[in-house]
2 protein chains.
Amino acid sequence: MCPTGNKKTPTLADVAEAANVSAVTVSRFFRHPEKVSEAARGRIEQAVSELGYAPNAAASALASRRTNIIGLLVPSLTNNVFNDVLSGAFDEVQGTPYSIQIGNYRYRPSEEEALIRTFLHQKPLGLVIAGGNQTPAAAEMLRAADCRIVQIMDTEIDGIDMVLGLSHTEAAEAAVRHLRERGYQRIGFLGARMDPRSQNRLAGYHRAVADLDDPTDSRVFTTPEASSTELGGRLLSDLLAAMPDTDAVFCNNDDLAAGALFECQRRGMRVPDRLAICGFNDLEMMAQTCPPISSVRIFRHEMGRRSVRLMIEAVAGAGVERGLREDLGFEIVERASTRPR
Amino acid sequence: MCPTGNKKTPTLADVAEAANVSAVTVSRFFRHPEKVSEAARGRIEQAVSELGYAPNAAASALASRRTNIIGLLVPSLTNNVFNDVLSGAFDEVQGTPYSIQIGNYRYRPSEEEALIRTFLHQKPLGLVIAGGNQTPAAAEMLRAADCRIVQIMDTEIDGIDMVLGLSHTEAAEAAVRHLRERGYQRIGFLGARMDPRSQNRLAGYHRAVADLDDPTDSRVFTTPEASSTELGGRLLSDLLAAMPDTDAVFCNNDDLAAGALFECQRRGMRVPDRLAICGFNDLEMMAQTCPPISSVRIFRHEMGRRSVRLMIEAVAGAGVERGLREDLGFEIVERASTRPR
DNA sequence: GTGAAAGCGCTAACAA
DNA sequence: TTGTTAGCGCTTTCAC
């Protein structure tokens, strides 16, 4: 097997023998060190390091009928929003006995359902999933699941267990109000990948512009396609073609906002004099464009961290009750692209 | 346990009983369906779906002493380059019995070593890792590992097993030559996070400017910090302060290039008339900025896919020999930011 | 604080 | 093609 000719991977029993205790004691040593005498502990520690022992996760999972895996389901892996969430989640498991297993369902409910089924079969410690629009079958599996569930990204959902996120409706409404307060009156909406969170942002937009005298929706341009900078330019062109007097635009996300800015630069339209732009997510780049773009800051990394922390605390019996809701809020970050008129 | 009161998860034995065969036959049915008679197959299929059986991965791993996990170690989770690689890898395992387990070592060799140790202990199908500058201990573990290894991103490394990537030296050299061919003579280099691949890009730059009459390195500005758009602006400012006659700049990556462009816009410096800019990676946005930025296209998604495919073929005994090297190449994408003078 | 016995659900090797 | 036997390495009782 092993080209270097090591005998074989050491087992609990090997460690036990070397430390002059029984296998159970070694097992205990790893799970409840405080329940092992100081003397035994010392000998075990030494045996472990001498033999280079590492526990066999499969055997442990089989015997205990549970794993230390936290499943983390995301709709996309090529999206800065989820990357930051992932990164936060990985930061938080660092140094714990838990590990993260990622599932990517590519925004497809059927793949999400399949992944939930697969993950649940592995008896994970818990599942962290984005949002709440699972298929009915998936929702049922989650409800019946023998583990904790954290739904992240969005608080405007029917929660299954714990919920951690923000109100996208409120965040978008605040952003559009910000535009109004700065003196903009004919405000458009550009949206890509109209998932439930994006729909909520659109709802927030509608709430904020309700009393303007626009015919509703005449400045709303959305598409189900995936977001991109290129799309931002295209949607803005559509908007300006239909409603040339538009003086501000709120974008579903920062990619679109950047694309809209670049389109303005191409057309020689000054931002914000001719058109104000506000994005969503507040990616690092938004502060660097020329002019910098206002955006809605959300706490993606923190959401990843916190979801894992909640899970660990819940499982440790730290009294994290089902039904817990945590709103991480948002922040309107005002920059030159929405300077007062 | 389970709130819905299902008895318990069905096992192979339950399926076997329902299908009137022995457990081994059911096990065979999953691993080598062709070795099970048609009749048995039908009954097993039915029993499986009636009982909602799903194999217990831990038991399987314990019994067979191997898992279907492909470990994928990346230095960062907040980096478009690796996101695309991840995405490609996940696309390729889709529909196979294999799964991907991600490890994020945050550009820290010691964390990488720890992850390699952990992963190897799980008897993975194989490991896909970025590049080749592991710690000596990590390299030794990989060499001795009882599984296949694919090193991706870079072909200019001492390969352990399979290698899949591109020559960053050649790619950078080609990019800088491109600038020279377009008439630029005083070419700078901006670099962040100077990992081995970035070092190679710098080497390629040096190769391409060797016969210009610059004192070597006077136009090279690098930093070990993580890359960002903000940093691109900062490094460009440093370069221009030191060498104001610089007429072109090759950036380590596209974030820096975008930051450099924005800095030029802030200063009212025309691109490319006053300064040409070339990036690296060719992110989607580069085609959209104003002017669009030339870049070096590399095949990140394909690299992720191909690494998984190679691994699967190698394990299936498809004769993928150790020592295999595959160069995915690169492409200079010329845009307005490097228009000929 | 420690250990003996039993078994988690599966697969390898062999036999029929 | 199918089945029997014997574990894989750990954790769970429960007794001491």
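Chain identifiers are assigned alphabetically (A, B, ...) following the order of the sequence lines, protein sequences preceding nucleic acid strands; residue numbering begins at 1 within each chain.
Distance from the side chain of Thr25(A) is smallest to dT2(C) among dC8(C), dT2(C), dC8(D). Among the nucleotides dG9(C), dT11(D), dG9(D), the one closest to any side-chain atom of Leu12(A) is dT11(D). Comparing dG9(D), dA12(C), dT2(D) by their nearest atom to the side chain of Val24(B) picks out dA12(C). Of the candidates dT2(C), dT11(C), dT12(D), dT11(C) carries the atom nearest the Ala63(B) side chain, counting heavy atoms from C-beta on. Closest to the side chain of Arg31(B), from the set dA12(C), dG9(C), dT2(C), is dA12(C).
Of the two residues near DNA chain D, Arg28(A) and Val21(B), the one whose nearest nucleotide lies more 5' is Val21(B). Heavy-atom distances to DNA chain D give each of Ala59(B) and Ser22(B) a nearest nucleotide, and the one nearer the 5′ end belongs to Ser22(B). In terms of position along DNA chain C, the nucleotide closest to Val36(A) lies nearer the 5' end than the nucleotide closest to the other residue of the pair Pro55(B) and Val36(A).
Atom CD of Glu17(A) sits in a sparse spot, with 12 or fewer heavy atoms from other residues, nucleotides or ligands closer than 6.0 Å.
As a whole-Å value, the separation of His121(A) NE2 from dG9(C) P is 13 Å. Rounded to an integer number of Å, the gap from Leu62(A) CG to dG9(C) C1' is 5 Å. The distance between atom NZ of Lys35(A) and atom P of dT11(D), rounded to the nearest whole Å, is 14 Å. For Ile44(A) and dG1(C), the CD1 to C1' distance is 11 Å, given to the nearest whole Å. Atom CD in Glu38(A) sits roughly 11 Å away from atom P in dT2(C) (whole-Å rounding). Spacing between atom CG of Leu51(B) and atom C1' of dG9(C) amounts to 15 Å, rounded to whole angstrom units. Look at NZ on Lys123(A): it is 17 Å from P on dT11(D), rounded to the nearest Å. Between the P atom of dA13(C) and the CZ atom of Arg65(B) lies a distance of 8 Å, rounded to the nearest Å.
No engagement by Phe30(A) is indicated, since no non-hydrogen atom pair under 4.0 Å with the nucleic acid exists. Residue contacts for Phe29(A): at a heavy-atom cut-off of 4.0 Å it reaches no nucleic acid atom on any strand shown.
Residue Ser37(A) has no polar side-chain atom (N or O) positioned under 4.0 Å from OP1 or OP2 of dG1(C). For Ser27(A), no side-chain nitrogen or oxygen approaches OP1 or OP2 of dC10(D) to under 4.0 Å.
Within the 4.5 Å cutoff, no side-chain heavy atoms of Glu302(A) are placed close to those of Glu92(A). Looking at heavy atoms from C-beta onward, Val128(B) lies in side-chain contact with Ile70(B) at the 4.5 angstrom threshold.
With Thr155(A) contributing its side chain and Leu166(A) its backbone, the two residues share a donor-acceptor pair below 3.5 Å.
Using bins of under 30°, 30° to 60° and over 60° for the plane-to-plane angle, the ring pair Tyr53(A)/Phe30(A) lands in the tilted bin.
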